[in-house]
Trainee: 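Quick one: the structure is below, and I'll ask about it shortly.
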Amino acid sequence: MSSLRVLGFDFGTRMIGVAFGQSITGTAQPLTVLINNSQQPLWRQIEPLILNWQPTHLLVGLPTNMDDSPSAITQLTEQFIQHLRNHCDLEIVAIDERLSTRAVYWQNDQTIKPERSRKKRVTRSIDAQAAAILIEDWFQTNPSSN
């Protein structure tokens with residue numbers, strides 16, 4: 001089986017973290033944070049990433065509550081997934097993203113609190129790092145991805 005190249009998204013109503021990973025090493029790297037607003041359609045921000053990184057799959061973190069019920073942002077994330085499906089032919093995988101952002105804070109510095117300002121979150125690329133964690137988790141939990 002050939003190597004999988006994955007572009008991962010940690011969707012948020014204001015920011016979308018983006019990372020890239022490949023299955024040979026099972027690792028991912030944070031790429032960027034996209035601003036999610038109505039001024040610039042998302043596809044104009046996403047298309048250049050797809051053209052540049054040439055992924056075989058798109059992976060999107062799907063938020064749910066700890067009891068598996070949909071969270072407040074689940075429906076918006078599903079609309080984002082549909083947006084991707086409407087614009088490209090790549091396989092799109094939704095993966096449970098519970099606690100991925102908190103895992104980034106834990107990895108970076110246990111003293112960093114998620115309540116920090118949005119400016120600091122962008123500066124530290126927390127959302128992009130969370131997208132990288134999602135990709136690596138997917139590689140680890142899906143033997144067919146290796």
Side-chain angles (χ1 to χ4, degrees), residues 3-85 87-88 90-142 145-146:
S3 169
L4 300 182
R5 297 175 314 280
V6 178
L7 203 57
F9 299 91
D10 180 39
F11 180 83
T13 57
R14 295 190 175 133
M15 294 176 285
I16 301 170
V18 184
F20 177 79
Q22 51 83 26
S23 63
I24 290 175
T25 62
T27 60
Q29 65 187 47
L31 294 179
T32 190
V33 175
L34 305 176
I35 303 303
N36 187 8
N37 63 37
S38 59
Q39 272 56 40
Q40 183 176 5
L42 285 173
W43 188 247
R44 286 193 201 149
Q45 297 177 71
I46 295 169
E47 184 178 33
L49 293 168
I50 290 174
L51 293 173
N52 184 50
W53 292 94
Q54 297 293 304
T56 57
H57 292 69
L58 301 181
L59 187 140
V60 180
L62 189 62
T64 55
N65 293 317
M66 294 309 287
D67 66 358
D68 290 331
S69 65
S71 73
I73 195 172
T74 302
Q75 184 175 4
L76 294 172
T77 306
E78 289 169 342
Q79 290 172 358
F80 174 69
I81 292 169
Q82 187 58 48
H83 177 79
L84 294 173
R85 284 194 176 111
H87 285 90
C88 69
L90 297 171
E91 183 172 341
I92 300 170
V93 178
I95 182 173
D96 183 349
E97 65 124 44
R98 282 179 278 195
L99 303 179
S100 60
T101 302
R102 288 207 182 265
V104 172
Y105 285 106
W106 182 261
Q107 285 180 354
N108 285 331
D109 180 347
Q110 294 178 24
T111 63
I112 299 173
K113 302 291 184 230
E115 294 77 27
R116 293 269 183 152
S117 73
R118 192 174 354 207
K119 181 179 178 183
K120 291 209 183 263
R121 289 183 70 198
V122 172
T123 301
R124 294 182 178 269
S125 302
I126 297 300
D127 297 303
Q129 291 176 45
I133 285 175
L134 292 172
I135 294 170
E136 290 178 354
D137 284 352
W138 185 64
F139 285 146
Q140 290 174 9
T141 59
N142 294 286
S145 68
N146 297 323

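As a basis for the values below, the full set of heavy atoms in this structure was taken, side chains included, without hydrogen atoms, waters or symmetry mates.
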Trainee: Has the side chain of T74 got a donor or acceptor atom that lies under 3.5 Å from a matching backbone atom of P63?
Mentor: yes
Trainee: Where the side chain of E136 meets the backbone of A28, is there a donor-acceptor pair that is under 3.5 Å apart?
Mentor: yes
Trainee: Could you check I16 against D127 for side chain to side chain contact (heavy atoms under 4.5 Å, CB included), going step by step and ending with a plain yes or no?
Mentor: CA-CA 6 Å; I16 301 170; D127 297 303; over 6 Å; no
Trainee: For a side chain to side chain contact (heavy atoms under 4.5 Å, CB included) check, start with the C-alpha distance between L34 and L49, then their side-chain angles and the critical distance, and finish with the verdict.
Mentor: CA-CA 11 Å; L34 305 176; L49 293 168; 4.2 Å; yes
Trainee: Compare every heavy atom of T77 with every heavy atom of G61, then report the nearest pair and how far apart it is.
Mentor: O-CG2, 3.4 Å
Trainee: Nearest 0.5 Å, what's the CD1-CZ distance between I73 and F11?
Mentor: 5.0 Å
Trainee: CZ of F9 to CG of N36: how many Å apart, nearest 0.5 Å?
Mentor: 11.5 Å
Trainee: How about Q79: does its CD atom have over 12 heavy atoms from other parts shown lying under 6.0 Å from it?
Mentor: yes
Trainee: Identify, with sequence neighbours excluded, every residue that meets ring-ring contact (aromatic ring centres under 6.0 Å, His included) alongside H83.
Mentor: H87
Trainee: In the structure I gave you, are the side-chain heavy atoms of W43 and C88 within less than 4.5 Å of one another anywhere?
Mentor: yes
Trainee: Mind listing the closest non-hydrogen atom pair of A132 and A19 along with its distance?
Mentor: N-CB, 3.3 Å
Trainee: What distance separates L76 CG from I81 CD1, expressed to the nearest 0.5 Å?
Mentor: 11.5 Å
Trainee: Among L84, L58, I135, whose side-chain contact (heavy atoms from CB on, under 4.5 Å) with L7 holds?
Mentor: L58
Trainee: Side chain to side chain contact (heavy atoms under 4.5 Å, CB included) between I95 and L62: does it pass, once the steps are laid out?
Mentor: CA-CA 6 Å; I95 182 173; L62 189 62; over 6 Å; no
Trainee: Keeping Q45 on the side-chain end and I35 on the backbone end, is there a donor-acceptor pair under 3.5 Å?
Mentor: yes
Trainee: Measure the spacing between CZ of F80 and CD1 of I92 and express it to the nearest 0.5 Å.
Mentor: 8.5 Å
Trainee: Evaluate H57 against V6 for side chain to side chain contact (heavy atoms under 4.5 Å, CB included), listing each step before the verdict.
Mentor: CA-CA 5 Å; H57 292 69; V6 178; 4.1 Å; yes
Trainee: If only atom types and distance count, is the side chain of T56 paired as donor or acceptor with the main-chain N or O of L4 below 3.5 Å?
Mentor: no
Trainee: So does Q54 get a backbone contact from the side chain of R5, meaning a donor-acceptor N/O pair under 3.5 Å?
Mentor: yes
Trainee: Is it true that a side-chain atom of Q75 and a backbone atom of A72 form a donor plus acceptor pair closer than 3.5 Å?
Mentor: no
Trainee: Contact between V93 and V60 at the side-chain level, heavy atoms closer than 4.5 Å - yes or no?
Mentor: no
Trainee: Taking all atoms of both residues into account, what is the closest heavy-atom pair of P55 and L90, and its distance?
Mentor: O-CD2, 3.3 Å
Trainee: Between atom CD1 of I126 and atom CD of Q129, what is the distance when rounded to the nearest 0.5 Å?
Mentor: 5.0 Å
Trainee: So, N52 side chain and P48 main chain: donor-acceptor pair closer than 3.5 Å or not?
Mentor: no
Trainee: So how far is it from T13 OG1 to N37 CG, rounded to the nearest 0.5 Å?
Mentor: 11.0 Å
Trainee: Provide the closest heavy-atom pair for S23 versus F139 in the form atom of the first, atom of the second, distance.
Mentor: N-CZ, 3.5 Å
